[in-house]
Amino acid sequence: MVVRVQETDFDVGTELAALHRNDPQIGALASFVGFVREMNDGAGVSEMTLEHYPGMTEKALAAIVAEARQRWAIVDALLIHRVGRLLPGDQIVLVAVAGSHRGEAFAACQFIMDYLKTRAPFWKREVTADGARWVEAHAADEQAAERWQT
Amino acid sequence: MVVRVQETDFDVGTELAALHRNDPQIGALASFVGFVREMNDGAGVSEMTLEHYPGMTEKALAAIVAEARQRWAIVDALLIHRVGRLLPGDQIVLVAVAGSHRGEAFAACQFIMDYLKTRAPFWKREVTADGARWVEAHAADEQAAERWQT
Amino acid sequence: MRLKILYFAGLREQIGQGSEELDLPAGVFDIAGLIQFLVARGGQWPSLATVRNLRYAVNQEMARLDTPLCPGDEVAFFPPVTGG
Amino acid sequence: MRLKILYFAGLREQIGQGSEELDLPAGVFDIAGLIQFLVARGGQWPSLATVRNLRYAVNQEMARLDTPLCPGDEVAFFPPVTGG
């Protein structure tokens with residue numbers, strides 16, 4: 001299980017290959033990459049800064065991945081989240097889950113993203129034509145996380 | 001939209017980068033890679049051959065991806081499926097969906113995999129210690145595809 | 001009416017060939033009729049009636065038992081698919 | 001009881017500082033009491049009562065209003081998270 005918080009970019013192909021590492025019990029690898037969009041909540045975004053809570057961030061991410069491993073029979077999981085200044089088109093986050101079967105891999109990957117969005121201490125600050133603003137949390141993200149609580 | 005059926009391997013990092021191609025409206029890229037497992041249905045697999053129906057395969061895959069694009073507001077999608085002889089650990093299939101938001105990207109990616117599993121003319125023939133056998137279709141795959149029919 | 005018939009995967013092995021061209025007698029106008037005609041040939045052909053969950057395509061589109069056949073059609077028979 | 005308090009994101013900007021150390025008076029023993037105590041200082045501190053959906057963590061774990069506080073705890077206040 002790998003959890004990293006970093007300013008530098010990551011290479012998706014390299015990270016997925018490291019997760020798979022030719023383990024022949026792995027039949028399924030589901031992954032997700034999040035990017036900075038140039039439009040968000042109706043305004044053009046020229047740049048973004050991701051603030052976080054050092055120490056708690058790593059613990060929160062590790063707890064989310066550990067919970068995914070408890071809920072589903074998966075082989076391994078990977079979570080990389082960037083912090084600092086980012087531009088439209090930049091990669092923000094990578095979540096990847098390797099397992100025997102696709103159902104578990106997809107579910108665990110979505111679960112990690114949904115929990116990360118509502119439970120990991122990151123905050124986005126966008127710069128738009130109207131100046132800088134902190135991104136507002138979306139109710140849809142809260143609802144996406146809640147569907148796993150059954 | 002890219003749909004390819006090929007004997008050669010593919011590089012996931014290269015394919016995902018080509019799908020994303022720095023389009024700043026893309027905020028989410030969900031993907032899935034399927035691999036040959038060394039164990040399947042209780043037996044050790046030493047190699048596998050994927051047979052398909054040339055002509056129909058490409059049409060069926062294009063129709064599945066087109067239906068995903070009709071159902072969800074996604075930006076683009078990619079589907080690569082290998083045929084011919086494969087070994088445990090080898091990549092079989094790559095599905096990737098780029099969109100503005102993660103919900104649509106995840107859903108479309110799973111939909112394409114579920115429909116591919118039940119509607120695209122591929123057949124797996126495995127070699128085990130007991131000889132060669134055609135892989136049996138699983139009811140679970142049929143059920144996974146049916147959940148999208150609501 | 002002349003048709004091209006294709007067989008895939010385990011069914012191809014049971015039938016012992018991957019394709020054939022044949023002339024249908026009058027009165028055979030859909031997939032159900034074609035299966036009946038082929039099975040009646042005996043030999044390996046009754047496999048078509050015994051294979052579990054036989055699938056069929058006409059001109060490379062999934063078909064049903066009542067899908068009509070036209071001269072020149074490409075008809076394929078195969079077991080449930082197992083790709084991905 | 002001495003605590004370390006951290007503020008993040010928009011709340012850090014409203015409060016005007018990212019962290020402070022403070023001695024709690026007797027009678028303050030949970031998050032709810034801490035918020036009441038901080039708000040009563042006036043100035044920028046009433047922001048804690050007006051920010052929408054204030055979140056709090058104690059020793060880097062998400063906490064609730066009735067989470068108890070112990071000497072040396074690290075308490076953090078922040079708005080809902082928006083990563084990913």
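Labels below follow one simple rule: chain letters A, B, ... track the order of the sequence lines, proteins then strands, and each chain is numbered from 1.
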Among [options], single out the residue with the greatest number of heavy-atom pairs under 4.5 Å to chain B.
| options | value |
| --- | --- |
| A/D11, A/V33, A/V95 | A/V33 |
| A/V93, A/N40, A/V36, A/D141 | A/D141 |
| A/Q25, A/H20, A/Q91 | A/H20 |
| A/A28, A/P88, A/G34 | A/A28 |

**OP:** Determine which residues belonging to residues 41-80 of chain A lie within contact range of chain B, meaning some heavy atom pair is under 4.5 Å apart, and list them by number or answer 'none'.
**Re:** none

Original post:
So which bits of residues 107-135 of chain B come within less than 4.5 Å of chain A, counting non-hydrogen atoms only?
Top reply: B/C109, B/Q110, B/M113, B/D114, B/K117

**OP:** Not counting sequence neighbours, which residues clear salt bridge (charged side-chain N to carboxylate O under 4.0 Å, His left out) with A/E38? List them please.
**Re:** none

Original post:
Taking only residues two or more places apart in sequence, or in another chain, which ones meet B/R82 in a salt bridge (charged side-chain N to carboxylate O under 4.0 Å, His left out)?
Top reply: B/D9

Heavy-atom side-chain proximity of [X] to [Y] below 4.5 angstrom:
| X | Y | result |
| --- | --- | --- |
| A/R37 | B/S100 | yes |
| B/L29 | A/F32 | no |
| B/H101 | A/H138 | no |

**OP:** Can you tell which part of A/L16 gets under 4.5 Å to a heavy atom of chain B, answering side chain, backbone, both or neither?
**Re:** side chain

Subject >> Nearest heavy-atom neighbours spanning A/R102 and B/A144 >> reply: NH2-CB, 3.9 Å

Subject >> Euclidean distance, A/N22 CG relative to B/L87 CG, rounded to 0.5 Å >> reply: 11.0 Å

